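This is a predicted model, so every value here is computed, not measured. In this chain, residues are counted from 1 in sequence order. Below, all heavy atoms of this structure are taken into account, side chains as well, without hydrogens, waters or symmetry copies.
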Amino acid sequence: MQTLAEGLRLPTNGLDYAILAIYFVVVLGIGFMARASVRTSLDFFLSGRSLPAWVTGLAFVAANLGATEILGMAATGAQYGVAVVHWYWIGAIPAMVFLGLVMMPFYYRSKVRSVPEFLLQRFDKSAHLLSSILFAFAAILIAGVNLYALSIVVEALLGWPQWVAIVVAGLFVLVYITIGGLSSAIYNEVLQFFVILAALIPITVLGLKRVGGWGAMSDQLTKQHGGDFMTAWGGTGIGDANPLGANWLTIILGLGFVLSFGYWTTNFAEVQRALSAKNLSAAKRTPLIAAFPKIFIVFAVMIPGLVAAVIVPQIGTPDSNLTYNDAIPLLMQELLPNGVLGIAVTGLLAAFMAGMAANVSSFNTVFTTDIWQRYVVKDKPDTYYLKFGRLITAIGVLASIGTAFIAASFSNIMSYLQTLFSFFNVPMFVVFIIGMFWKRASMKSGVWGLVAGTAAAMVNYFWIYKGGVIDIPSDQGANFVSAIVGFVAGAVVMVVVTLFTAPKPEAELAGLVYGTESPSPDEALEEADRAWYRKPALLGWGAIVLAALCYVPYSF
């Protein structure tokens, strides 16, 4: 197993530990307070659909502020340079807007408790069961990534062996989710959002100061890695070499469309936050509110990665004992005084717990409602499923502890996560998008689209890329190609199967296919009375324009 470099032990003192202890007390306190509102399984799994948009919006973005954002994106910045902005401005914002404006009405009006349950209504039981199993498996793998990242910080803080840190951190997350359910996770995610920013901003500001500002840092990295390292689109012409190992076409199609839409629109760890909103308007605005902080968070994770690449030019290479994942702990050790160090450690722990809690809470919902209640133990009282939900939460955390050791074998956990997304999220997205916009898509096409998309993405990654059949310059480039291959294969198979199998009766498609939904009178009245600054369309287009403008200074 890969361990944190021995030289990265953090110089913590009593003040740092006091800040950390206060945070843990508050987190557990929120869990116990949330327990009072958990009376039914709907309360436990979806917070009784009662939360306001600003709460679910902050929880939406905080749920993604886990290992992907902190260690993973900083590692990607250190490895690939400014190209990391693609994961935000083209790889997140358009998909988040699409989720809010187009897909949330389908999810929310159908009263589904999970994303796979929507496939049951649109297709059949086989598509529902397979998607539930794939999602539950992926959720545990991704929760393990966050748990592994959390263990890196605990190891740096306390010097514990990594396996001890993984077990202790996992058990802590287990306590507050099991006690308060989704409400506990969401309210803690709102708290964690602000704590995370309090951790990242000092690292970013002090890091830039350490290397002489953006200009000096840019000059140094350009000398080390070439001019394309400090641009977003430089060197991305087809056939050109660049640090990311991907051209503009695979970035736009692989990351900007397939991977991003597959993640943000079908990943239940995110969608679950919007489904817990108090009404459809709040559900639609949830990802749109989250889009605005998402645009700017990239600077707080990219810059530390770039700074680390200046301080340790050989980071991530065989000539250094530091992996790319060590970028953030390195800067914490190098830059932060005690007190601020305690806030930074607390912020990182908050980030990883938010990411893990999001995946575990979505896992327990899908496993309980979509697998156990639907196919194994049916027609039991609601209290039975509430108790089982708490039990499967514990099992999910224990499984995440096991998958954390898989994540530990990757030098850049962002590459690992993108690999998982190409395998599991992309096939689900192609089934959703075709089923939602094509009424003729047959009931059986859903399950075969999932099988074909998943199999094709895996074949491309493990055989064509890893086997050296085709030369792809980097893991990230291979992930983009795998995503495109999985999407195309799933779409082609769905069309072919549809031509030979029966479609779902048109009477059963109302509200499940675009153009067949009919807003209720209450929704129309609410839309007419809403203030201009709360209108989803305005929020969505505003986010897209702002993200596009952010590209301009870093384009070439």
Would you check if the side chain of [X] reaches a backbone N or O of [Y] as a donor-acceptor pair within less than 3.5 Å?
| X | Y | value |
| --- | --- | --- |
| Tyr108 | Ala277 | yes |
| Lys504 | Gln121 | yes |
| Ser422 | Thr419 | yes |
| Asp124 | Ala127 | yes |
| His86 | Leu255 | no |
| Ser445 | Ala441 | no |
| Thr204 | Ile303 | no |
| Arg440 | Thr498 | yes |

Are any of the side-chain heavy atoms of [X] and [Y] separated by less than 4.5 Å?
| X | Y | answer |
| --- | --- | --- |
| Tyr107 | Leu99 | yes |
| Phe299 | Met302 | yes |
| Val447 | Leu119 | no |
| Pro116 | Val366 | yes |
| Val298 | Met73 | no |
| Phe363 | Thr393 | no |
| Val513 | Trp438 | no |
| Thr76 | Trp87 | yes |

Say you draw a straight line from [atom1] of [X] to [atom2] of [Y]; how long is it, rounded to the nearest 0.5 Å?
| X | Y | atom1 | atom2 | answer |
| --- | --- | --- | --- | --- |
| Ser131 | Phe118 | OG | CZ | 11.5 Å |
| Leu450 | Met494 | CG | CE | 8.0 Å |
| Asn279 | Leu51 | CG | CG | 11.0 Å |
| Leu259 | Ile251 | CG | CD1 | 12.0 Å |
| Arg122 | Glu117 | CZ | CD | 16.0 Å |
| Thr368 | Arg390 | OG1 | CZ | 11.5 Å |

Can the ring centroids of Phe296 and Tyr88 be said to lie less than 6.0 angstrom from one another? no

Is it true that Tyr375 and His128 have ring centroids separated by less than 6.0 Å? yes

Can you name the nearest heavy-atom pair linking [X] to [Y], along with the distance?
| X | Y | answer |
| --- | --- | --- |
| Leu200 | Ile70 | CD1-CD1, 3.7 Å |
| Asn359 | Ala139 | CB-O, 3.6 Å |
| Ala543 | Val97 | CB-CG2, 4.3 Å |
| Ile140 | Gly396 | CD1-O, 3.4 Å |
| Tyr23 | Leu191 | CE1-CD2, 4.0 Å |
| Gly449 | Val493 | N-CG1, 4.3 Å |

Apply side-chain contact (heavy atoms from CB on, under 4.5 Å) to Thr266 and Val271, showing your working. CA-CA 7 Å; Thr266 66; Val271 175; over 6 Å; no

Are more than 12 heavy atoms from other residues, nucleotides or ligands located less than 6.0 Å from atom CH2 of Trp89? yes

Can you tell me if CZ on Phe137 sees more than 12 non-hydrogen neighbours from other groups inside 6.0 Å? no

Take Tyr514 and Lys439 through the side-chain contact (heavy atoms from CB on, under 4.5 Å) test and state the conclusion after the steps. CA-CA 8 Å; Tyr514 194 77; Lys439 287 196 293 186; over 6 Å; no

Gln373 vs Tyr384, test: side chain to side chain donor-acceptor pair (under 3.5 Å). Steps then yes/no. CA-CA 10 Å; Gln373 184 177 4; Tyr384 170 84; over 6 Å; no

What residue among Leu101, Ile93, Leu538 forms side-chain contact (heavy atoms from CB on, under 4.5 Å) with Leu288? Leu101

For Phe421 and Ile142, run side-chain contact (heavy atoms from CB on, under 4.5 Å): C-alpha distance rounded to whole Å, both residues' side-chain angles, the deciding distance at 0.1 Å, then the answer. CA-CA 9 Å; Phe421 294 155; Ile142 297 169; 3.5 Å; yes

List for me each residue that meets side chain to side chain contact (heavy atoms under 4.5 Å, CB included) alongside Ser260, sequence neighbours excluded, and say none if there are none. Ala95, Trp264

What residues, two or more places apart in sequence or in another chain, satisfy side chain to side chain contact (heavy atoms under 4.5 Å, CB included) together with Leu134? Leu130, Phe424, Thr454

When you look at Phe429 and Tyr263, which way does the ring-ring contact (aromatic ring centres under 6.0 Å, His included) test go after all the steps? CA-CA 8 Å; Phe429 171 63; Tyr263 174 80; over 10 Å; no

Test side-chain contact (heavy atoms from CB on, under 4.5 Å) applied to Thr369 and Tyr385, step by step: CA-CA 8 Å; Thr369 63; Tyr385 297 109; over 6 Å; no

When the side chains of residues 53-60 are checked against the rest of the protein, which donor-acceptor pairs come out under 3.5 Å, sequence neighbours left out?
{"residue": "Thr56", "atom": "OG1", "partner": "Pro52", "partner atom": "O", "Å": "3.3"}
{"residue": "Thr56", "atom": "OG1", "partner": "Ala53", "partner atom": "O", "Å": "3.1"}
{"residue": "Thr56", "atom": "OG1", "partner": "Thr286", "partner atom": "OG1", "Å": "2.6"}

